[in-house]
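All values below come from the heavy atoms of this structure, side chains included, with hydrogens, waters and symmetry mates left out. Chain letters run A, B, ... following the sequence lines, proteins first and then strands; every chain starts at 1.
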2 protein chains.
Amino acid sequence: MGPKYSSSRENYLKAIFHLQEIHGTVTTNDVASEMQTRPASVTDMLKKLKAQKLLLYEKYKGFKLNTEGRKVALQIIRKHRLWEFFLVEKLRFGWDEVHEIAEELEHISSKKLIDRLDEFLGYPKTDPHGDPIPDSQGRWTLTRQVDLLNLPINQIAEVSGIGDQSAEILELLNHKHIALGTRLEVKKKFAFDNSIELKIKNQSPVTISEHVAKNVFVKYDE
Amino acid sequence: MGPKYSSSRENYLKAIFHLQEIHGTVTTNDVASEMQTRPASVTDMLKKLKAQKLLLYEKYKGFKLNTEGRKVALQIIRKHRLWEFFLVEKLRFGWDEVHEIAEELEHISSKKLIDRLDEFLGYPKTDPHGDPIPDSQGRWTLTRQVDLLNLPINQIAEVSGIGDQSAEILELLNHKHIALGTRLEVKKKFAFDNSIELKIKNQSPVTISEHVAKNVFVKYDE
DNA sequence: AATAAAATTTAGACAAATCTAAAAAATAAA
DNA sequence: TTTATTTTTTAGATTTGTCTAAATTTTATT
């Protein structure tokens with residue numbers, strides 16, 4: 001088994017990874033504000049991470065994760081998201097209350113544990129927020145899964161699941177020509193009632209309610 | 001939610017609780033050897049635990065957990081044993097490989113998590129080693145256990161717990177087909193070395209040493 | 001280009017948990 | 001009851017991660 005890093009180091013790696021993904025480049029101040037700490041503390045940690053060969057860093061010149069740092073970060077993210085999935089799917093937590101708990105669970109070190117958990121959960125591809133879960137080799141599936149309420153406007157996506165399986169919703173979706181595999185995009189979101197206007201290729205726009213939108217899951221590549 | 005204690009403090013509370021249960025009284029050296037640390041470190045921690053009102057302590061005069069310390073210790077034990085149960089029952093771990101992982105998991109702080117886990121597991125009463133799991137109020141199910149040395153001759157009993165949980169003893173017991181729930185009786189006790197001859201139904205007699213006998217707990221109807 | 005502002009780093013401190021070596025107290029042995 | 005031994009505690013150091021305040025470097029602005 002690989003070396004063990006402290007929770008604090010793991011948290012820095014994860015934060016840097018996320019900021020790198022979003023902004024391409026990361027600054028000391030970014031990390032400090034992301035981690036609710038002081039820039040001086042970040043500098044201290046950058047040196048340690050560099051000494052541990054997880055980070056490329058030249059002072060005043062910026063920094064970024066190297067291959068090893070990225071690998072570690074991905075394993076933390078994998079653990080975080082698998083635990084979130086577990087909390088929601090098995091322990092009936094709401095998707096909005098699992099983050100804090102997963103922040104602790106992600107630092108449990110056993111690799112065997114996380115691989116067994118993955119298996120137990122049926123190798124989920126995305127966490128309850130729709131974020132992809134890296135596999136045990138740290139590979140992403142670049143597909144995000146979200147419900148229609150959270151699909152960005154003009155993002156073409158493919159219907160991948162229906163939450164509520166009642167005959168009623170299926171009838172409704174059938175009538176609007178929405179089925180598994182249908183490719184569609186959101187054209188407009190109405191703040192008034194959270195209803196949504198969709199466009200399916202070669203068809204005229206259709207509108208669905210918030211209630212329906214919540215139960216239609218789609219996936220798309222980033 | 002109650003105050004949060006560091007993993008280290010929690011480990012000390014747990015160790016002191018265990019030693020208190022076994023020996024009635026606990027010494028600095030006991031704790032040091034149980035925790036693989038130095039007596040000086042134990043003294044340092046005793047002061048901290050006293051300052052936190054988890055321990056009654058007068059220097060050179062000994063120490064013991066107070067009500068609050070016992071309460072915290074029981075919650076850690078509850079968490080440890082529920083996680084062990086989870087690992088064995090849901091993730092298919094062997095009962096001899098879960099201790100280390102549970103040592104980490106027991107420090108996850110969320111009380112809601114552990115209560116949900118308890119529910120998910122069906123409110124188990126004992127962990128995979130046969131040790132009782134305290135409920136969320138810290139109450140034991142007081143199953144009286146005797147070790148094999150104290151089991152009367154010809155009294156049929158059921159294996160309910162293993163004291164030392166090292167991989168070595170578990171391997172030995174496994175080889176002799178002694179596991180939780182095994183029904184057996186003591187056929188002979190040898191005064192010379194306190195070894196014991198056991199009989200398990202439909203099997204030929206096996207002999208175990210005093211050392212092993214001391215660590216195998218059984219329950220039986222009187 | 002010179003100066004002002006912002007970002008980053010250093011210097012020095014602190015808290016938690018641990019350690020070693022030495023001192024103090026309690027216990028056991030002569 | 002002295003003396004010897006063991007147990008426990010203190011004193012002072014170390015490591016990790018954090019902080020504040022000051023210094024340095026970079027960047028933006030006259």
Would you please confirm or rule out a distance under 4.0 Å between OP1 or OP2 of [N] and any side-chain N or O of [X]?
| X | N | answer |
| --- | --- | --- |
| A/Asn29 | C/dT8 | yes |
| B/Arg38 | C/dT18 | no |
| A/Thr43 | C/dT10 | no |

Cation-pi check for B/Phe17 against B/Arg70: NZ or CZ below 6.0 Å from the six-membered ring centre and within 45 degrees of the axis, yes or no?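 Negative - B/Arg70 is either too far from the ring of B/Phe17 or too far off its axis.
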Do B/Ser7 and B/Glu106 come within less than 4.5 Å of each other through their side chains, counting heavy atoms only?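 No; the side chains remain at least 4.5 Å from each other.
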Go nucleotide by nucleotide along DNA chain D from the 5' end; which of A/Lys59 and A/Ser8 gets its closest nucleotide reached first?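 Nearest nucleotide further toward 5': that of A/Ser8.
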Check the orientation of B/Phe86 and A/Phe120. Use parallel for under 30°, tilted for 30 to 60°, and perpendicular for over 60°.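 Perpendicular, since the angle between the ring planes exceeds 60°.
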Nearest whole Å is fine: how far is C/dC19 C1' from B/Asp44 CG?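 It is 9 Å, rounded to the nearest whole Å.
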Atom-pair distance (CE on A/Met45; C1' on D/dT16), nearest Å: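 In whole Å, D/dT16 C1' and A/Met45 CE are 8 Å from each other.
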Answer with yes or no whether the side chains of A/Thr27 and A/Asn29 bring together a donor and an acceptor at under 3.5 Å.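 Per modelled atom types, A/Asn29 and A/Thr27 side chains form no pair under 3.5 Å.
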Output the single nucleotide from D/dT9, C/dC19, C/dT9 whose closest atom is nearest the side chain of A/Ala40.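 Within the option list, the nearest is C/dT9.
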Considering only side-chain heavy atoms of B/Tyr60, which listed nucleotide, C/dA24, C/dT18, D/dT18, is closest?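 Closest of the options to the side chain of B/Tyr60: C/dA24.
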